[in-house]
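One structure is given here, and the rest of the page talks about it.
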Amino acid sequence: MQARLKRFLPFNRDFDIKGCNLYAVHQRVAKQFRAGRAILAGDAAHVNSPIGGMGLNSGVHDAFNLADKLARILHNQADEQELDRYERQRRHIAVKHTQAQTIRNKTPAGRARPSRAPAQPRRTAPLGGKPELARKFLLRTSLIESLREAEQIP
Ligand SMILES: Cc1cc2nc3c(=O)[nH]c(=O)nc-3n(C[C@H](O)[C@H](O)[C@H](O)COP(=O)(O)OP(=O)(O)OC[C@H]3O[C@@H](n4cnc5c(N)ncnc54)[C@H](O)[C@@H]3O)c2cc1C
């Protein structure tokens with residue numbers, strides 16, 4: 001751990017390490033997000049590499065989607081089948097957007113010897129001066145695109 005830290009921050013002394021943990025990166029999505037009255041959301045439903053910062057964000061989107069449906073069921077504006085739509089929408093997004101993007105993000109870091117890996121082209125670099133491409137990139141990485149796609153799922 002000392003050696004690793006010093007590679008990032010080359011100080012001339014040892015770091016005072018209070019504790020450390022191994023974190024295993026998983027890419028997983030539960031087969032079902034709903035079983036009767038039990039509903040999965042956030043990391044319980046899907047986990048992914050933290051690179052790209054999508055885990056918590058997509059979990060918050062689950063919570064918004066679910067809270068909206070629960071409120072409508074509570075106010076007799078919808079029946080419980082709405083909860084199956086939650087699963088259809090959010091599982092689709094977890095697989096097609098969050099997993100797909102985070103697997104792409106993870107690939108260079110996952111190499112056994114990242115320093116020897118061929119340099120990755122910077123995906124954002126060519127977007128300067130190309131407003132349409134930049135807009136598309138931002139819609140995807142901000143998850144706005146995934147929300148719009150989920151709305152189309154009946
Ligand atoms: C290193 C790292 C960096 C990350 N960076 C980002 C980032 O930049 N952006 C981003 O969007 N996401 C990031 N994430 C992902 C994000 O932290 C998670 O997606 C998010 O915390 C999941 O929230 P959650 O509420 O679903 O689950 P959790 O945060 O895991 O919460 C579950 C809670 O349930 C409790 N619990 C478990 N079992 C029981 C039980 N039986 N009874 C009662 N309580 C229980 C746990 O103690 C815990 O407090 C990162 C994750 C890691 C590991």
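All ligand and atom numbering here is 1-based and tracks the order in the structure.
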Determine if the distance from atom 10 (C) of ligand 1 to the closest protein heavy atom is below 4.0 Å. yes
Polar contact flag, side-chain donor to acceptor under 3.5 angstrom, Gln101-Lys96: no
Minimum-distance protein heavy atom relative to atom 12 (N) of ligand 1: Leu56 N, 3.0 Å
For ligand 1, which atoms, with element, lie under 4.0 Å from some heavy atom of Asn57? 11 (O)
Answer yes or no for atom 53 (C) of ligand 1: protein heavy atom present at a distance under 4.0 Å? yes
Between Leu138 and Ser142 the two heavy atoms that sit nearest each other are O-OG, 2.7 Å
For atom 49 (O) of ligand 1, decide whether some protein heavy-atom distance is shorter than 4.0 Å. no
Quick one: does Tyr23 get an N or O within less than 3.5 Å of an N or O on ligand 1? no
Are any of the side-chain nitrogens in Asp68 or Arg72 under 4.0 Å away from the carboxylate oxygens of its partner? yes
Show the nearest heavy-atom pair for residues Lys6 and Arg13, with the distance to one decimal. CE-O, 3.3 Å
Which option wins on minimum heavy-atom distance to atom 7 (C) of ligand 1: Gly55, Ser58, Gly53? Gly53
Look at atom 42 (N) of ligand 1 and say whether a protein heavy atom is found at less than 4.0 angstrom from it. no
Is there a protein heavy atom less than 4.0 Å away from atom 26 (O) of ligand 1? yes
Taking 4.0 angstrom as the limit and counting only heavy atoms of Gly42, give me the atoms of ligand 1 inside it, by number and element. 26 (O)
Can you measure from CD (Gln99) to CE (Met54) and round to the nearest 0.5 angstrom? 10.0 Å
Under a 3.5 Å cutoff, is there a donor and acceptor pairing between the side chains of His92 and Glu149? yes
Can you check whether Pro154's main-chain N or O pairs, donor with acceptor, with Arg88's side chain at less than 3.5 Å? yes
Nearest-option assignment for atom 24 (P) of ligand 1, heavy atoms, candidates Asn21, Asp62, Asp43, Asn48: Asp43
Which protein heavy atom lies closest to atom 5 (N) of ligand 1, and at what distance to 0.1 Å? Pro50 CB, 4.0 Å
Side chain to side chain contact (heavy atoms under 4.5 Å, CB included) between Gln77 and Glu82: does it pass, once the steps are laid out? CA-CA 10 Å; Gln77 292 161 352; Glu82 269 295 278; over 6 Å; no
Separation between CG (Leu147) and CG (Leu139), nearest 0.5 Å, reads 11.0 Å
Does atom 18 (C) of ligand 1 have a protein non-hydrogen atom under 4.0 Å from it? yes
Determine, counting only non-hydrogen atoms of the protein, whether one lies under 4.0 angstrom from atom 3 (C) of ligand 1. yes
So how far is it from Arg91 CZ to Tyr86 OH, rounded to the nearest 0.5 Å? 12.0 Å
Below 4.0 angstrom, counting only protein heavy atoms, does anything approach atom 46 (C) of ligand 1? no
